There are 2 protein chains.
Amino acid sequence: MSRRPTLSDVAREAGVSVSTASLAFSGAGPIAEQTRERVHAAAAALGYAGPNALGRQLRSGRHGVVGVVIGDKVKRSFRDPVSIQMLDGLVSTLSELRLGVMLIPGMEVDETGAMKVDPLLETSGMDVAVLIWGAHVDDPRLDVLRRRSIPVVIGEGNPSPGCSLVAIDDRRGVAELAEHLYSLGHRRVANVTLPFRMGREAGWIENPRDEDIDWTPTRNRLEALEESRLDVVATYETPASLVESGADAARHILDPARWPDPSQRPTAIVAQSDLLAAGVVLGAREVGLRVPEDVSVAGFDGVDLPWLGSDRLTTVVQPLEAKGEALGRAVDALIQGRGATEVVLPVELRVGTTTAPPPAV
Amino acid sequence: MSRRPTLSDVAREAGVSVSTASLAFSGAGPIAEQTRERVHAAAAALGYAGPNALGRQLRSGRHGVVGVVIGDKVKRSFRDPVSIQMLDGLVSTLSELRLGVMLIPGMEVDETGAMKVDPLLETSGMDVAVLIWGAHVDDPRLDVLRRRSIPVVIGEGNPSPGCSLVAIDDRRGVAELAEHLYSLGHRRVANVTLPFRMGREAGWIENPRDEDIDWTPTRNRLEALEESRLDVVATYETPASLVESGADAARHILDPARWPDPSQRPTAIVAQSDLLAAGVVLGAREVGLRVPEDVSVAGFDGVDLPWLGSDRLTTVVQPLEAKGEALGRAVDALIQGRGATEVVLPVELRVGTTTAPPPAV
DNA sequence: CTGTTAGCGCCTTCAG
DNA sequence: CTGAAGGCGCTAACAG
């Protein structure tokens, strides 16, 4: 027989009916041990490797696949260890539920400048979609998914009716971080922010309160800092959470020409991610400032930064793997038909070696 | 109607037969424009979002999914930018072919210490599997895939009959790098290698030629260096391609206690990956040596290392995205039934600022 | 415990 | 250009 054997071939070979053969593999019903063995022997003889996934999927109406929508091209998304650790938790959790993770790049900007949703999102089969970096306002990806009636789990913000949500308590984290700096004696700080929405450039923000911020973590962390007792004397927006962007921001913020009276210079820089903060540390050293003696630096995320050497970043640790697991549980709940859920995970301040009292004037 | 509408609902609503409705969506045959519109209108009225993926998949016998087997947990695999860039090329190429990428973690070691293949690999539906980091000797994952008759593409080495292969010409790359160092005047070098196989620890290798190296890139790069005109005076194996491991290796290799006669110390360190090389640079500086004045350092891969600041690593650049694309094309060839293929991609030496003539004794 | 029956949603012959 | 019929591989009822 040249074509691949099917369950009915096996059943015929074993001299039983297909449904019995099915039971022999699934174990979903009572079956005589002897029959089971006969079926497996027949399968082995025919080189049958178990029930075909396609047949089972059509029958059950489930793909066994979760689409994970990353924000951008794989390369850009995964330069950030934050995404990766989250994905790790998600993949392990789903793997235990026998669900595969399919990677779906986010949107592309086509020749005309319009946003185009990846074709995989339009046609590919999946039981649930996870937008790990949240949804934009009027997000076309959400429209597509809604039209296809695919349930959605959103990571981090801009909750949308009918979608599950997994977020972190970043406002409280930033508030604690601000208190830590305040209690060390800092008053004037600079803020290095994540991008406000897709496709932003690096640059100063004159009045953060006037800005329309589409991306929730950016907004939460910025607002929490603004609402703290610290005086945010400068805000620099970055185009992405990257070491280079942080270094660039530090160069601008600490530029001596900007502070004719050095005593007015911010004594601490708060970066909204650890990668940015690492860049800020490098940038500060480049312009000849010591961290933390001359300027304190703090980050957000709590990822490993091997190349900072013996320095340990003061940061707000978010439970990345737990977040991935929570996303996985939210997926499971939707598949089980248990409806949309919302979770907010706690974060924790971790004081390292990059913050200290401000220099005596 | 509470259940999700199907093509036959749409056909009934539009007053045509199912096969006509099918043509209206697929465009795979002649159909009157008017009929097409009527069908689409009916679909819109019913909230039908296009042909169901499961039905189509069962019919066509294809999943539209490629399983990408990464070596390890997501977190560990993707700490390496090499994997990510390759994956980027692979995902974009496959996305154009309307194929999704499903991530499959590699193997786990269970309580008893035995290797366990991820259940997704055993049961999940996929048209082709890609082992991006190659196959081991007697790789149980290959056995599973062979049993399921799933065609396989192997990235990097240990080719296996019937599997497609995408490799790079790393031997030639290392040979060129060695010539570069030789021509600068180096004679004594140290080698910081990638792991020889799964689950290795860091440590000295007394006689590299006696070792059984299961992982092809490790073997190729090690042998090419051994075969060069350079004298490899020390070989240190690392457990993974990480900055920390490179720094650790450098500390051991450059330990003053190891070289009572400093003139015998290697004047250059060749690391088998850029992450390792970056670690070596950091480690060398830690023990008070300047790079490249006191010791030259070279890597392999050609990835971006933002935190090295103004230094540019001398390295062998491999075309990572092209490798991903080549993997994608190999997948396509297998799906089209065009049989297994083999490709070897060229690499290129890129001289940076971390190699220079050895110090005058 | 085992066999029979009836689809899951779609596409592709083959006629008309 | 359109319609009718069959089947991709499997499993869940329901009988026996």
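This structure is a prediction, so every number in the text was calculated from the model and none was measured. Below, chain A is the first sequence line, B the second, and so on; all start at residue 1.
- The outermost nucleotides of DNA chain D lying under 4.0 Å from heavy atoms of chain B, listed 5' to 3', are D:dC1 to D:dG9.
- Screening residues 95-126 of chain B for ring-ring contact (aromatic ring centres under 6.0 Å, His included), with sequence neighbours left out, gives no hits.
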Result block: side-chain N/O donor-acceptor pairs under 3.5 angstrom for residues 96-106 of chain B, not counting sequence neighbours:
none

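- At a threshold of 4.0 angstrom between heavy atoms, the contacts of A:T35 are confined to the sugar-phosphate backbone, with no base atom among them.
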Would you please test A:S95 and A:S92 for side-chain hydrogen bond (donor to acceptor under 3.5 Å, both in side chains) and show each step?
CA-CA 5 Å; A:S95 166; A:S92 354; over 6 Å; no
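- Residue B:I31 is classed as a sugar-phosphate contact, given heavy-atom separations below 4.0 Å to backbone atoms only.
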Evaluate the salt bridge (Lys or Arg N to Asp or Glu O under 4.0 Å) criterion for residues B:R62 and B:D127: first the C-alpha distance (whole Å), next the side-chain angles of each, then the deciding distance (0.1 Å), finally the verdict.
CA-CA 6 Å; B:R62 293 214 190 129; B:D127 297 321; 5.8 Å; no
Side chain to side chain contact (heavy atoms under 4.5 Å, CB included) assessment of B:T216 paired with B:E156:
CA-CA 7 Å; B:T216 308; B:E156 294 276 1; 5.5 Å; no
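- Shown here are the salt bridge (charged side-chain N to carboxylate O under 4.0 Å, His left out) partners of A:D332, two or more places apart in sequence or in another chain: A:R338.
- A 4.0 Å heavy-atom criterion places the boundary nucleotides of DNA chain C facing chain B at C:dG9 to C:dT12, written 5' to 3'.
- Here the side chains of B:E33 and B:R36 are in contact, with some heavy-atom distance below 4.5 Å.
- Listed by first and then second residue, the side-chain hydrogen bond (donor to acceptor under 3.5 Å, both in side chains) pairs involving residues 144-154 of chain A are A:R146-A:S160 (not counting sequence neighbours).
- If one axis is set at each end of the helix from C:dC1-D:dG16 to C:dG16-D:dC1 from five pairs, those axes are 40° apart, to 10°.
- Screening residues 131-143 of chain B for side-chain hydrogen bond (donor to acceptor under 3.5 Å, both in side chains) gives B:S83-B:W133, B:H136-B:D214, B:D139-B:R141 as the qualifying pairs, with residues at least two apart or on separate chains.
- With sequence neighbours left out, the salt bridge (charged side-chain N to carboxylate O under 4.0 Å, His left out) criterion links B:K116 to no other residue.
- The stretch residues 7-26 of chain A participates, sequence neighbours left out, in these ring-ring contact (aromatic ring centres under 6.0 Å, His included) pairs: A:F25-A:H40, A:F25-A:Y48.
- Under the 4.5 Å side-chain criterion, counting only non-hydrogen atoms from C-beta, B:V166 is in contact with B:K323.
- For DNA chain C, the residues of residues 16-25 of chain A within the heavy-atom distance limit of 4.0 Å (strictly under) are A:V16, A:S17, A:S19, A:T20, sorted by number.
- If you find the closest nucleotide of DNA chain C to B:R59 and to A:R38, the one lying nearer the 5' end belongs to A:R38.
- A:S8 pairs by the side-chain contact (heavy atoms from CB on, under 4.5 Å) definition with A:T6, A:R12, A:V18, not counting sequence neighbours.
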